[in-house]
Chemist: 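Mind looking over this structure? Questions follow.
The model shown is predicted, which means the values in this text are computed figures rather than measured ones.
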Amino acid sequence: MADDDRVFKALADPTRRFLLDLLFARDGRTLTELESELEMTRFGVMKHLKVLEEANLVISRKSGREKLHFLNPVPIKQIHNRWIDKYTDRQASALADLKAELENPT
């Protein structure tokens, strides 16, 4: 599966998006901390984290006895650059041109 496909698959699920939001709010959370925010089993949260890790959206690191989870925003930024920027650039340019034309009628 291509990297973009993994990211889109990971982002398609609301639970995984919620986990990313939690990590965005405070990085370096343990499984127990993440699990406490969801109404699902520990195993269910682990499965979602695995999909996020396979998409490289979450990176985990051992710290003593704990495994900490960190958000990796790079794949999301790459998706944004590839799929969103190129579509908004033309509209933003058109709005800037319209603004200039309205402010400086000749």
Chemist: Can you name the closest pair of heavy atoms from Phe18 and Leu38 and give their distance?
Modeler: CD2-CD2, 3.4 Å

Chemist: Tell me whether Arg16 contacts the main-chain N or O of Ala10 through its side chain, where contact means a donor paired with an acceptor under 3.5 Å.
Modeler: yes

Chemist: Between Phe70 and Val74, is there a shared hydrophobic cluster once you connect ILVMFWY residues whose side-chain heavy atoms come closer than 4.5 Å?
Modeler: no

Chemist: Looking only at heavy atoms, which two atoms of Asp13 and Thr15 are closest? And how far apart?
Modeler: OD2-N, 2.8 Å

Chemist: Does this structure show an ion pair linking Lys9 with Glu54, if we count only N-O contacts that are shorter than 4.0 Å?
Modeler: no

Chemist: Could you tell me which residues satisfy salt bridge (Lys or Arg N to Asp or Glu O under 4.0 Å) with Glu66, sequence neighbours excluded, listed by chain and number?
Modeler: none

Chemist: Where do Ser36 and Glu33 come nearest, in terms of heavy atoms and distance?
Modeler: OG-O, 2.7 Å

Chemist: With clusters defined by side-chain heavy atoms of hydrophobic residues (ILVMFWY) lying less than 4.5 Å apart, directly or transitively, does Val51 cluster with Leu20?
Modeler: no

Chemist: Show the nearest heavy-atom pair for residues Asp27 and Leu71, with the distance to one decimal.
Modeler: OD1-N, 2.7 Å

Chemist: Same cluster for Met40 and Leu22 if Ile/Leu/Val/Met/Phe/Trp/Tyr side chains link at under 4.5 Å?
Modeler: yes

Chemist: What's the spacing between Leu52 CG and Arg6 CZ if we round to 0.5 Å?
Modeler: 13.5 Å

Chemist: Not counting sequence neighbours, which residues clear side chain to side chain contact (heavy atoms under 4.5 Å, CB included) with Val7? List them please.
Modeler: Leu11, Ala55, Leu57, Pro75, Ile79

Chemist: Do Leu19 and Leu31 land in one hydrophobic cluster if side-chain heavy atoms of ILVMFWY residues count as linked below 4.5 Å?
Modeler: yes

Chemist: Would you name the heavy atoms of His69 and Ser60 that are closest together and state the gap between them?
Modeler: CD2-CB, 3.8 Å

Chemist: Enter the distance from Lys47:NZ to Thr41:OG1 here, rounded to the nearest 0.5 Å.
Modeler: 8.5 Å

Chemist: Compare every heavy atom of Trp83 with every heavy atom of Asp4, then report the nearest pair and how far apart it is.
Modeler: OD2-NE1, 3.8 Å

Chemist: Test your reading of the model: is there a side-chain donor-acceptor pair from Asn72 to the backbone of Ile59, 3.5 Å cut-off?
Modeler: no

Chemist: Nearest 0.5 angstrom please: Leu34 CG to Arg26 CZ, how far?
Modeler: 8.5 Å

Chemist: Can you tell me how far CD of Glu35 sits from CG of Leu49, rounded to the nearest 0.5 angstrom?
Modeler: 10.5 Å

